[in-house]
Amino acid sequence: MNNSVSVTVNPREVLRMFASLDSKRRKKAHRMALSRGAGILVRETRKNIRIWMKSSGSPSPKSRKPVRKMESGVKSRINRDATEARVHIMGDYRLKWFETGTKDRYRSRKKLYMFRRSPGGRKYWKRNGGKDVRTGKISPQYFFRRARESKESEISANMENLLSAAIRKVYESH
């Protein structure tokens with residue numbers, strides 16, 4: 001048994017429906033199509049983040065305090081005029097570091113001071129000298145870039161279908 005459903009769309013019928021809508025409903029149809037197109041990229045990016053998190057073996061937090069998942073930092077937004085949709089990873093500041101990576105980072109030990117007590121009980125501060133301590137480097141993961149490259153053509157190809165489906169849905173509710 002075949003579970004697929006095929007829908008034949010007549011472009012003239014869709015254009016007629018679009019022309020009969022007022023400007024508010026036209027904008028609503030555009031917004032629906034753009035949000036669904038952006039949703040494809042958001043889902044792929046979140047999937048890449050989940051795969052990376054599982055493969056990196058990052059430990060679960062030991063505290064009982066709720067921790068915000070990094071994949072929730074992938075956001076999409078449609079502008080007021082419904083002409084473009086933006087997908088970004090700046091909803092969580094940590095994602096920027098894992099996407100692009102960081103250079104070698106060091107902590108300077110020369111700037112740290114420690115409190116000492118003399119044998120006579122007198123307190124004084126002593127400069128703690130020595131070499132800088134390497135605190136690490138984050139290698140770039142490019143989960144957003146890979147998602148964008150893999151889904152860009154799919155989104156462009158599906159945009160006409162998404163727009164015609166949104167027009168039909170708005171027209172039927174009208």
Nearest 0.5 Å please: distance from the [atom1] atom of [X] over to the [atom2] atom of [Y].
{"X": "Glu99", "Y": "His88", "atom1": "CD", "atom2": "NE2", "value": "13.5 Å"}
{"X": "Lys169", "Y": "Ile167", "atom1": "NZ", "atom2": "CD1", "value": "14.0 Å"}
{"X": "Arg145", "Y": "Thr100", "atom1": "CZ", "atom2": "OG1", "value": "9.0 Å"}

- side-chain hydrogen bond (donor to acceptor under 3.5 Å, both in side chains): which pairs involve residues 146-159, sequence neighbours left out?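 Sorted result for residues 146-159: Lys151-Glu154.
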- Item | Side-chain donor or acceptor of Thr45 paired with backbone N/O of Phe144 under 3.5 Å |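 Such a contact is absent between Thr45 side chain and Phe144 backbone.
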- Would you find a donor on one side and an acceptor on the other, under 3.5 Å apart, between the side chain of Arg50 and the backbone of Glu71?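 It does not hold such a pair.
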- Flag yes if more than 12 heavy atoms outside Lys47 fall under 6.0 Å of its NZ atom; otherwise flag no.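 Atom NZ in Lys47 is not packed in, count stays at 12 or less.
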- Task: Can you establish whether the number of heavy atoms outside Arg77 located under 6.0 Å from its atom CZ is more than 12?
- Result: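 Check fails, neighbour count at 12 or below.
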- Item | side-chain hydrogen bond (donor to acceptor under 3.5 Å, both in side chains) partners of Arg86, counting only residues at least two apart |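 Partners of Arg86 under the side-chain hydrogen bond (donor to acceptor under 3.5 Å, both in side chains) test: Glu84.
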- Item | Qualifying salt bridge (Lys or Arg N to Asp or Glu O under 4.0 Å) pairs, either residue in residues 24-37, two or more places apart |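 Found Asp22-Arg25.
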Any [X] side-chain heavy atom under 4.5 Å of [Y] side chain:
{"X": "Ile49", "Y": "Ile89", "answer": "no"}
{"X": "Val87", "Y": "Ser76", "answer": "yes"}
{"X": "Met90", "Y": "Lys96", "answer": "yes"}
{"X": "Ile51", "Y": "Phe143", "answer": "no"}

[X] to [Y] - nearest heavy-atom pair and separation:
{"X": "Gly91", "Y": "Lys75", "result": "CA-CG, 4.1 Å"}
{"X": "Leu163", "Y": "Ala33", "result": "CA-CB, 3.7 Å"}
{"X": "Ser139", "Y": "Gln141", "result": "O-NE2, 3.2 Å"}
{"X": "Ala29", "Y": "Ala166", "result": "O-CB, 3.4 Å"}
{"X": "Lys137", "Y": "Thr102", "result": "CG-O, 3.2 Å"}

- Task: Would you kindly confirm whether Tyr142 and Ile138 end up in one hydrophobic cluster when ILVMFWY residues are joined by side chain heavy atoms under 4.5 Å apart?
- Result: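 Different hydrophobic clusters.
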- Task: Output all residues satisfying ring pair (Phe, Tyr, Trp, His ring centres under 6.0 Å) with Tyr171, sequence neighbours left out; order by chain, then residue number.
- Result: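 Tyr171 satisfies ring pair (Phe, Tyr, Trp, His ring centres under 6.0 Å) with no residue once adjacent residues are dropped.
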- How would you list, by chain and number, every residue that makes a ring pair (Phe, Tyr, Trp, His ring centres under 6.0 Å) with Phe98, sequence neighbours excluded?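 Scan of Phe98 (ring pair (Phe, Tyr, Trp, His ring centres under 6.0 Å), adjacent residues dropped) gives Trp52.
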- Go through the structure and list residues passing side-chain contact (heavy atoms from CB on, under 4.5 Å) with Thr83, not counting sequence neighbours.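 side-chain contact (heavy atoms from CB on, under 4.5 Å) check on Thr83 returns Asn79, Asp81.
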